[in-house]
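Source: prediction; values computed, not measured.
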Amino acid sequence: MLQAIKGMNDILPGEVALWQTIEETARAICEAYGYQEIRTPVLEKTELFARGVGESTDIVEKEMYSFVDRGGDNLSLRPEGTAGVVRALIEHKMHAADPEVRVYYIGPMYRRERPQKGRYRQFHQIGVEAFGIAAPEVDAELMAMLYQFLREIGLPDVVLDVNTLGDQSDRPRYLEALRAHFEQHRSELCEDCLRRIERAPLRLLDCKSERCHAVALAAPLVLDHLGPASREHFDGVRRALDRLQVPHRVNPRVVRGLDYYTRTVFEAVSTGLGSQNAICGGGRYDNLVEQLGGPALPAIGYAQGIERLVMLVADKLALRAPTAVALVPVASEQRAQALEIAALLRGRRIRCILDLAGRSVKAQLRRANRANAAFAVVLGEEEIRRGQVEIKPLVEGESAEQVAIASLVDRLTARCAERAAG
RNA sequence: GUGGGUGUAGCUCAGUUGGUCAGAGCGCCAGGUUGUGGCCCUGGAGGCCGAGGGUUCGAAGCCCUUCACUCACCCCA
């Protein structure tokens, strides 16, 4: 049997409503905060990700879908959204028109990892990026936006973990202090962490192995190694978060996996997702734009995984019931007229179904009921001869009525509106 | 890349030590009113028991191989 590619899922009609609700909520909130949607290609030059995400990250080293196209270019499916957005920003000199650029995107990303619960090879992210603003208040504003979003889709209990990684001037010193600490405890570390000491000492901090965890707890804190500028920035972020009443906690173990982060980093984690528990991750990346050939623009952003949101929200989000009309021609002689009425209703954007298979009235009503139709309109030979049809509600507590065919569309429109309002 | 688990009807799953074991519930279709849904009753369609090989008089159940799905490690959304 033909199957979808491993780790790539079909989102079937039954679950799409949930996706749409999440996406619409995200759009509305982003717009409210002054962000505009941007759409960039899913395919970019491999070099962009190598330089942007970081040569030595797992993502670039072993997870990208890369290939050489017929023209000889090295291309990759985007493993994340920030690099492409930064490329577009630079390419179109967006910062020249307005030094502050706030954008968001929604779309698929690709990473060739072993799939498991909450992790897929094609997954979808809602991402937000703010360029050109160095003030700590943007960091907080962004997190406030995230929090509002989580609240509105019904996840107010998600915990927001915040940390800082320092900037170029204090990070090297901190990394050295970390290396020194871990070197002293080599014998207690897992194999993976031993390899990380040189290359990515920060990563030891969030290792899940218990023994490493113990060593990490005793490790020097970033907060003690921040220069005055970074410290002031972090304090500013926290003050603003408090002011905006965004529930959060400082967690020194949040380090993030991508190379480009500086200063503020944060993530939102949730229980109930298995081991892939991060539903959102982000942070400041003040050097990336320049690093990719653009101006020295400070920036900050985050991305959330839609699949993971859908899993959490699946049983919580109330989906609006379809308000629909089912036209029921009693016999094939009434079908043409039913079609005509359906066209009028549909012209008014009223969801409308109509049996074209010649089913019995009983079968048509059964199907109308299952389709969640609010009203059935029975078109029978006798009534039509009298110039009338029956509007039959399919829910409790509403009365049926006979209406003149001429006023049917208006009457149905009104009753659908009543239901939508009530 | 490394481990564990699972593959029987569209879906969720039963199938005792290999011998009416090819089933149930839900869903789907139809009938129970010459033109009226939901509840209920009755009936029907639908499966080479993931695939290939082996053992056996006999395999959904045992052995081997393979594929797929899934969870976890790693990493991350």
Side-chain angles (χ1 to χ4, degrees), chain A residues 1-7 9 12 14 53-54 56-64 78-82 106-128 146 158 190-193 195-196 200 203 206-209 212 254-258 267-270 273-282 301-312 326 328-334 355 357 359-384 389-396 400:
Chain A
M1 186 171 46
L2 246 34
Q3 276 181 303
I5 294 169
K6 183 201 288 287
N9 305 115
L12 301 176
V53 179
S56 65
T57 56
D58 279 13
I59 292 176
V60 170
E61 266 183 3
K62 51 189 190 192
E63 295 174 0
M64 286 206 294
R78 62 184 184 193
E80 56 100 54
T82 302
I106 299 177
M109 307 295 161
Y110 303 84
R111 308 219 285 236
R112 198 182 182 291
E113 305 174 84
R114 271 296 264 275
Q116 70 186 66
K117 187 180 175 65
R119 187 175 68 197
Y120 308 101
R121 290 183 171 180
Q122 173 179 281
F123 61 101
H124 297 75
Q125 289 187 327
I126 299 169
V128 175
L146 168 63
V158 170
C190 68
E191 265 184 49
D192 289 326
C193 283
R195 272 187 282 108
R196 289 181 187 132
R203 294 235 64 88
D206 67 350
C207 180
K208 285 167 185 160
S209 118
C212 297
V254 173
V255 297
R256 314 263 64 236
L258 281 54
E267 57 189 34
V269 296
S270 168
L273 277 182
S275 61
Q276 307 305 318
N277 59 358
I279 59 178
C280 175
Y302 67 74
Q304 349 185 33
I306 302 183
E307 281 80 357
R308 293 179 187 182
L309 292 171
V310 167
M311 285 191 285
L312 288 172
V328 180
V330 167
S332 58
E333 289 71 46
Q334 288 84 42
D355 177 62
R359 274 181 251 262
S360 68
V361 171
K362 177 179 187 156
Q364 292 189 57
L365 283 170
R366 193 163 42 218
R367 292 168 63 85
N369 189 55
R370 257 173 304 198
N372 236 329
F375 302 102
V377 174
V378 181
L379 304 159
E381 198 180 350
E382 281 179 34
E383 294 101 314
I384 288 181
V389 289
E390 179 191 11
I391 296 178
K392 177 186 170 66
L394 294 177
V395 290
E396 298 279 339

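A residue-by-residue look at Ala278(A) and Gln3(A) shows that Gln3(A) has its nearest nucleotide of RNA chain B further toward the 5' end. Of the residues near RNA chain B, Pro115(A) and Gly305(A), the one whose nearest nucleotide (by heavy atom distance) lies more toward the 5' end is Pro115(A).
Summarising the geometry of Ala268(A) relative to Val158(A), their closest heavy-atom pair is CB-CG1, 3.6 Å, with the distance given to 0.1 Å. Taking both residues in full, the closest heavy atoms of Val330(A) and Gly380(A) are given as CG2-CA, 3.7 Å, listed atom of the first, atom of the second, then distance.
Rounded to whole Å, the P atom of G7(B) lies 14 Å from the corresponding atom of C63(B). A gap of 42 Å separates the P atoms of U65(B) and G27(B), to the nearest Å. For the P atoms, the distance linking G25(B) with A45(B) amounts to 15 Å, nearest Å. Annotation: A60(B) and G54(B) have their P atoms spaced 15 Å apart (nearest Å). G53(B) and G31(B): their C1' atoms are spaced 48 Å apart (whole Å). Distance check on atom P: C28(B) versus G19(B) gives 36 Å, rounded to whole Å. With both ends at atom C1', the span from G47(B) to G10(B) equals 11 Å, rounded to whole Å. With P as the reference atom, G61(B) and A9(B) are 15 Å apart, rounded to whole Å.
At a threshold of 4.5 Å between non-hydrogen side-chain atoms, the residues Glu383(A) and Glu381(A) do not count as touching. Side-chain contact between Arg112(A) and Met64(A) is absent, with no heavy atoms from C-beta onward closer than 4.5 Å. Tyr302(A) places a side-chain heavy atom less than 4.5 Å from the side chain of Leu146(A). In this structure, Glu61(A) and Ser56(A) have side chains that are in contact, with non-hydrogen atoms separated by less than 4.5 Å. Taking 4.5 Å as the limit, every side-chain heavy atom of Glu390(A) sits out of range of all side-chain heavy atoms of Val377(A). Val378(A) is not listed as a side-chain neighbour of Gln364(A), based on a closest heavy-atom distance of 4.5 Å or more. Contact of the Arg111(A) side chain with the Ile59(A) side chain is registered, since non-hydrogen atoms from C-beta on lie closer than 4.5 Å. Residues Asp355(A) and Val328(A) have side chains not in contact (no heavy-atom distance under 4.5 Å, counting atoms from C-beta outward).
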Per-nt protein contacts along nucleotides 46-51 of chain B (heavy atom under 4.0 Å; B base, S backbone sugar-phosphate only, - none) come out as ------
Letter by letter from the 5' end, nucleotides 30-36 of chain B scores (B base, S sugar-phosphate only, - none; protein heavy atoms under 4.0 Å) S-B--BB
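In this structure G61(B) sits in the syn conformation; its chi angle is within 90° of 0.
For Arg256(A), the salt bridge (charged side-chain N to carboxylate O under 4.0 Å, His left out) partners are Glu267(A), not counting sequence neighbours.
Remark: P of C73(B) and NZ of Lys117(A) are 13 Å apart, rounded to the nearest angstrom. The CD-P distance, from Gln122(A) to A77(B), rounds to 17 Å in whole Å. Whole-Å rounding puts the Glu267(A) CD to C76(B) C1' distance at 9 Å. If you take NE2 of His124(A) and C1' of A77(B), they are 12 Å apart, rounded to a whole angstrom. To the nearest angstrom, P of G37(B) lies 10 Å from CG of Asn369(A). Put simply, CD on Gln116(A) is 7 Å from C1' on C71(B), counting in whole angstrom units. Computed from coordinates, the Arg111(A) CZ to C76(B) P distance equals 8 Å when rounded to whole Å. Per the geometry, CZ belonging to Arg203(A) stands 15 Å off C1' belonging to C73(B), to the nearest Å.
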Show each protein N/O and nucleotides 1-5 of chain B N/O combination with a separation under 3.5 Å, one pair to a line.
{"residue": "U2(B)", "atom": "O4", "partner": "Arg114(A)", "partner atom": "NH1", "Å": "3.2"}
{"residue": "U2(B)", "atom": "O4", "partner": "Arg114(A)", "partner atom": "NH2", "Å": "3.2"}

Taking only nitrogen or oxygen atoms into account, show me every contact under 3.5 Å that the protein makes with nucleotides 7-12 of chain B, one pair per line with its distance.
none

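The CG atom of Leu394(A) sits 9.5 Å away from the CG atom of Asn372(A) when rounded to the nearest 0.5 Å. Note that CE of Met311(A) is 5.0 Å distant from CG of Leu273(A), once rounded to the nearest 0.5 Å.
Out of A77(B), C71(B), C74(B), the shortest distance to the side chain of Gln276(A) is found at C74(B).
One finds no side-chain N or O of Lys6(A) lying less than 4.0 angstrom from the OP1 or OP2 phosphate oxygen of A68(B).
More than 12 heavy atoms of other residues, nucleotides or ligands lie within 6.0 Å of CG in Leu12(A), so this atom counts as buried by the packing criterion. Counted within 6.0 Å of CZ on Arg367(A), heavy atoms from surrounding residues, nucleotides or ligands total 12 or fewer; the atom is thus considered open.
Checking side-chain atoms of Arg78(A) against main-chain N and O of Pro108(A) turns up a donor-acceptor pair under 3.5 Å.
Counting non-hydrogen atoms under 4.0 angstrom, Leu394(A) reaches a base of the nucleic acid. In this structure, Gly127(A) reaches neither bases nor backbone, as no heavy-atom distance under 4.0 Å exists between it and the strands shown.
Checking Met109(A), Lys6(A), Arg308(A), Glu307(A) one by one against Tyr120(A), the side-chain contact (heavy atoms from CB on, under 4.5 Å) holds for a single residue, Glu307(A).
A salt bridge does not link Arg121(A) with Glu113(A): every distance from a Lys NZ or Arg NE/NH1/NH2 to an Asp or Glu carboxylate oxygen is 4.0 Å or more.
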Encoded 5' to 3' (Watson-Crick or G-U under 3.5 Å; [ ] crossing; | other strand), RNA chain B becomes (((((((..((((.....[...)))).(((((.......))))).....(((((..]....))))))))))))....
